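Report on one structure; see the data block that follows.
Atoms considered below: every heavy atom in the structure, side chains included; atoms not considered: hydrogens, waters and symmetry mates. Throughout, protein chains are lettered first and strands after them, A, B, ... in sequence-line order, and every chain is numbered starting at 1. Given the structure is predicted, the values throughout are model-derived calculations rather than measurements.
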Amino acid sequence: MVAFLFADTQKYKDKYKDKEHKHKDHKKDKEREKLKHGNSPPHVKSEPDDFYHSPKHEKSLKREREVADGKKKVKKEPEEKWKWWEEERYTDGVKWKFLEHKGPVFAPPYEPLPSNVKFYYDGKHMKLSPQAEEVATFFAKMLDHEYTTKDIFRKNFFKDWKKEMTSEERSKITDLKKCNFTEMSDYFKAQAEARKSKTKEDKLKIKEENERMLQEYGFCVMDNHKERIANFRIEPPGLFRGRGDHPKMGMLKRRIRPEDIIINCSKDSKHPVPPPGRKWKEVRHDNKVTWLVSWTENIQGSIKYIMLNPSSRIKGEKDWQKYETARRLKKCVDRIRNQYREDWKSKEMRIRQRAVALYFIDKLALRAGNEKEEGETADTVGCCSLRVEHIKLYPENDGQEFVVEFDFLGKDSIRYYNKVPVEKRVFKNLQLFMENKEPDDDLFDRLNTSILNKHLQELMDGLTAKVFRTYNASITLQQQLKELTNVNCGDDLLMLSLNVNHLNIVSVVKPFILVEGHSKCFEKPWFMFQIDAKRDQLADAKRELKSAKADAKVRRDEKSKKAVETKKKAVQRIEEQLMKLEVQATDREENKQIALGTSKLNYLDPRISVAWCKKMGIPIEKIYNKTQREKFAWAIDMAEEDYEF
DNA sequence: GCTCATACTTAGCAGACTGCCT
DNA sequence: AGGCAGTCTGCTAAGTATGAGC
């Protein structure tokens, strides 16, 4: 995980000089902190879990919030960031006391096509009704995508499209193959082109308009604080494209109207106003939930929400709490591991299954695997929903004993392929679980996620399957960074980190990687090609540098000296690029690119990285971009260099 | 127990943006 | 100034987890 910390090595070098100075500033801040919080422990501030059970009452809580807030408003511009992590937290499920917002922004209404953009059916021009035309444009916009050629996609689309047609249209248009959308498609391509080549002023205008919308609708007031909303725009209508082999791909995602919308806000707030002449479905005042707006989506019938940004108090607290739960697991993970190993021997089948499943979750970072409705979604599984067909047992394989081969589609239909040697007991149990079963039978037929989580709850308060991911990722990161720090880095910190860390990436994120068996063959040649090209480029640059040097020796003038400098820089740059490519190639091979970013955002306790940066004098900007710094503001502020996960 | 609804986190991907090179 | 690669951001799908109601 650490290599991408240094993704932009060049920039880091440039700012490296500032290090000293920034670091000092930081120390000053810390001193101030300590003064302010006199007797509070220096690194780990009061943990959210403690607060949760603290006997304090809401009254004092409210008062503290208002005090803190008042101070802020009087003293400074909103630039002064609110440190919610220094305040008391709500208890018993109350999420807020006051909530005011402006409601959602609806998708812009459909604009009919100009009359010169025609649709043809069976070679003949046909003017579509606005409703039918709108849905047709959704299809036209996707024409370049492979999925418009897929049977299910076309079938679903056509079925839903027909529902939007007038009865006349419906009787005429009976075969999707005879529909010609190319003029529409070309029109949209031209529009996209036009948008790109707009003048600076036009682009600026659009930007300003977006900014205005953001200012107006992108914030709410929650408990006296202005907070950023994550998604204040309602999802526009279009054709549903699920991931993987989704049975509903191509279906029409309908337009959401004010009448579909449930508003959630305080009774005593200024309620959001529906568009003129329209009504909300409902306005409610439920302060036990965090969402501001909700509606029911028509593809799966699930509820969609408008909620706050990760930088908000309400999300941040939850995130913090998540890591605190993982830290509590750290204290009892040995006990739990011993326990499930014992349970492998249980007389009861359900307990053995539970124990083996938990072992997979712990060791391989499998997801829990809730059951899903068949035919409603792509066929994917997690641990508890594994089927017999997803694993193969090898008493011996490549010189190893008791090897289990996993091959299944997980979340987002990403393939998980892995061969792992397991303990003999696990192996024997798996054999037992598979006895007399069909390939499509459940491997763990006496287990589901709710049984598993109930058990975990008994082992530790707040423990669920996903805590293991958080725990394992974070603890590994911490160990890796410790090892790294023992290496004496000196000036070459960077290069060293890049190399050393490459090893570490693998072990830190490995469990989270879905090793894509054979599809690798796809990417490799392409990558190798890139690397070869870069190598050639490097060779050329070096040759040029040589001749420039020779030239300079003969001529001894300024111009040729400069030329040498330029060539030198070019060589350096190419060398760096090459190195990066090589690192990437290995990563890519193991399929980490995205998983890396994800774990950085969702599984790794940010305080670990923050502490490490503080210790090494590396500016935090090097590891977190602006968004990430906002999300992790709490960690950046509170973690000191001796933080222990 | 089971199903269903609800609320919330985690996730990949596409397009926008940025900064650099030619 | 135009093109390109790398990064960031917004979007929304796809998970997890829990509790209510039978």
Side-chain angles (χ1 to χ4, degrees), chain A residues 4 7-8 10-11 93 95 107 145 192 195-197 200 203 206-207 210 214 218 229-236 238 240-244 246 248-249 253 262 264 286 288-291 294 296-297 299-310 314-315 318-319 321-322 361 366-373 376-378 380-385 409-414 446 448-454 456-457 462-470 512 514 530 566 569-570 573-574 577 580-581 584 591 593-603 624-628 630-631:
Chain A
F4 63 89
D8 46 354
Q10 192 52 54
K11 271 195 273 168
K95 302 291 167 63
H145 271 110
R195 223 173 303 131
K196 261 195 247 162
S197 51
K200 257 188 194 156
K203 280 186 179 165
I206 295 170
K207 216 177 160 184
N210 281 338
L214 174 66
I229 296 169
N231 54 325
F232 57 92
R233 286 173 207 276
I234 301 267
E235 298 172 19
F240 176 79
R241 170 63 189 150
R243 307 203 177 128
H246 199 115
K248 299 198 169 186
M249 65 169 86
K253 208 170 103 164
I262 302 175
N264 192 33
D286 182 356
K288 297 275 206 294
V289 296
T290 68
W291 54 267
S294 77
T296 302
E297 153 267 358
I299 304 288
Q300 330 262 3
S302 63
I303 308 170
K304 300 271 192 163
Y305 302 94
I306 290 183
M307 292 183 187
L308 298 193
N309 202 62
I314 211 147
K315 294 289 184 192
K318 199 78 189 290
D319 205 36
Q321 192 185 215
K322 174 181 77 185
I361 285 170
L366 299 194
R367 293 193 178 77
N370 285 316
E371 47 272 64
K372 342 182 356 188
E373 219 174 320
E376 293 291 297
T377 58
T380 60
V381 296
C383 185
C384 295
S385 49
L409 297 182
K411 182 176 180 180
D412 297 314
S413 291
I414 288 175
R446 307 285 174 86
N448 60 39
T449 53
S450 97
I451 296 173
L452 178 67
N453 279 335
K454 224 167 258 164
L456 291 176
Q457 197 61 239
L463 187 61
T464 62
K466 80 187 186 91
V467 179
F468 284 89
R469 288 192 143 216
T470 314
F512 307 94
L514 312 155
Q530 266 203 327
T566 324
K569 265 188 197 156
R573 197 178 55 240
I574 295 167
Q577 286 170 345
K580 224 160 147 182
L581 269 181
Q584 258 180 34
N591 235 315
Q593 293 304 315
I594 290 155
L596 231 54
T598 300
S599 50
K600 182 173 168 184
L601 235 48
N602 295 321
Y603 295 119
Y624 292 131
N625 68 32
K626 186 165 153 284
T627 320
Q628 292 165 164
E630 279 164 12
K631 171 170 176 172

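Close to B/dA11, at under 4.0 Å from its OP1 or OP2, lies a side-chain N or O of A/Arg469. In this structure, A/Asn602 does not reach the B/dT9 phosphate: none of its side-chain N or O atoms is under 4.0 Å from OP1 or OP2.
Rounding to whole angstrom units, NZ of residue A/Lys626 and P of C/dT9 are separated by 6 Å. Rounded to whole Å, the distance from NZ on A/Lys248 to P on C/dA14 is 11 Å. One interatomic measurement links the two molecules: CD of A/Glu297 to C1' of C/dA13, which rounds to 9 Å at whole-angstrom precision. In this structure, CD1 of A/Ile314 is placed 14 Å from C1' of B/dT9, rounded to the nearest angstrom. The interatomic distance linking A/His246 (NE2) with C/dA13 (P) rounds to 9 Å, in whole Å. Between the C1' atom of B/dT10 and the CG atom of A/Leu366 lies a distance of 16 Å, rounded to the nearest Å. Rounded to whole Å, the distance from CZ on A/Arg233 to C1' on C/dT9 is 13 Å. A/Ile206 has its CD1 atom 9 Å from the P atom of B/dC17, to the nearest Å.
Nearer the 5' end of DNA chain B, as judged by each residue's closest nucleotide, is the contact made by A/Asn448, out of A/Arg243 and A/Asn448. Two residues, A/His145 and A/Asp319, neighbour DNA chain B, and the one matched to the more 5' nucleotide by heavy-atom proximity is A/Asp319.
In the model, A/Asn453 has no side-chain atom that pairs as donor or acceptor with a side-chain atom of A/Thr464 under 3.5 Å. Counting only N and O atoms by type, the side chains of A/Thr380 and A/Lys372 include a donor and acceptor under 3.5 Å apart.
In this structure, the separation between OG1 on A/Thr377 and CD1 on A/Ile299 is 13.0 Å, given to the nearest 0.5 Å. One finds the CD atom of A/Gln457 at 12.0 Å from the OG atom of A/Ser450 (value rounded to the nearest 0.5 Å).
Distance alone, capped at 3.5 Å, is enough to place a donor-acceptor pair between the A/Lys322 side chain and the A/Asn602 backbone. One N or O on the side chain of A/Glu297 and one on the backbone of A/Ser302 form a donor-acceptor pair closer than 3.5 Å.
Applying the side chain to side chain contact (heavy atoms under 4.5 Å, CB included) test to A/Asp412 and every residue at least two apart in sequence or in another chain returns A/Arg243, A/Ile414.
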Problem set entry | Stepwise side chain to side chain contact (heavy atoms under 4.5 Å, CB included) test for A/His246 and A/Phe240 | CA-CA 10 Å; A/His246 199 115; A/Phe240 176 79; 3.7 Å; yes
For this session: Check the pair A/Tyr305, A/Thr290 against side chain to side chain contact (heavy atoms under 4.5 Å, CB included), reporting the backbone distance first and the verdict last.
Result: CA-CA 9 Å; A/Tyr305 302 94; A/Thr290 68; over 6 Å; no
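A/Pro236 comes within contact range of the sugar-phosphate backbone alone, with a heavy-atom separation under 4.0 Å but no base atom that close.
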Kindly give the atom pairs (protein nitrogen or oxygen, nucleotide nitrogen or oxygen) under 3.5 Å for nucleotides 4-8 of chain B.
{"unit_1": "B/dA7", "atom_1": "OP1", "unit_2": "A/Trp291", "atom_2": "NE1", "d": "3.4"}
{"unit_1": "B/dA7", "atom_1": "OP2", "unit_2": "A/Trp291", "atom_2": "NE1", "d": "3.4"}
{"unit_1": "B/dA7", "atom_1": "OP2", "unit_2": "A/Tyr305", "atom_2": "OH", "d": "2.9"}
{"unit_1": "B/dC8", "atom_1": "OP1", "unit_2": "A/Lys95", "atom_2": "NZ", "d": "3.0"}
{"unit_1": "B/dC8", "atom_1": "OP2", "unit_2": "A/Thr290", "atom_2": "N", "d": "2.9"}
{"unit_1": "B/dC8", "atom_1": "OP2", "unit_2": "A/Thr290", "atom_2": "OG1", "d": "2.9"}
{"unit_1": "B/dC8", "atom_1": "O5'", "unit_2": "A/Thr290", "atom_2": "OG1", "d": "3.4"}

Exercise. How does protein reach along nucleotides 15-20 of chain C, written 5' to 3' as B (base within reach of a heavy atom under 4.0 Å), S (only sugar-phosphate), or - (no contact)?
Worked result: SBBS--
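In this structure, of C/dT12, C/dA14, C/dC8, it is C/dA14 that holds the atom nearest to the side chain of A/Gln300.
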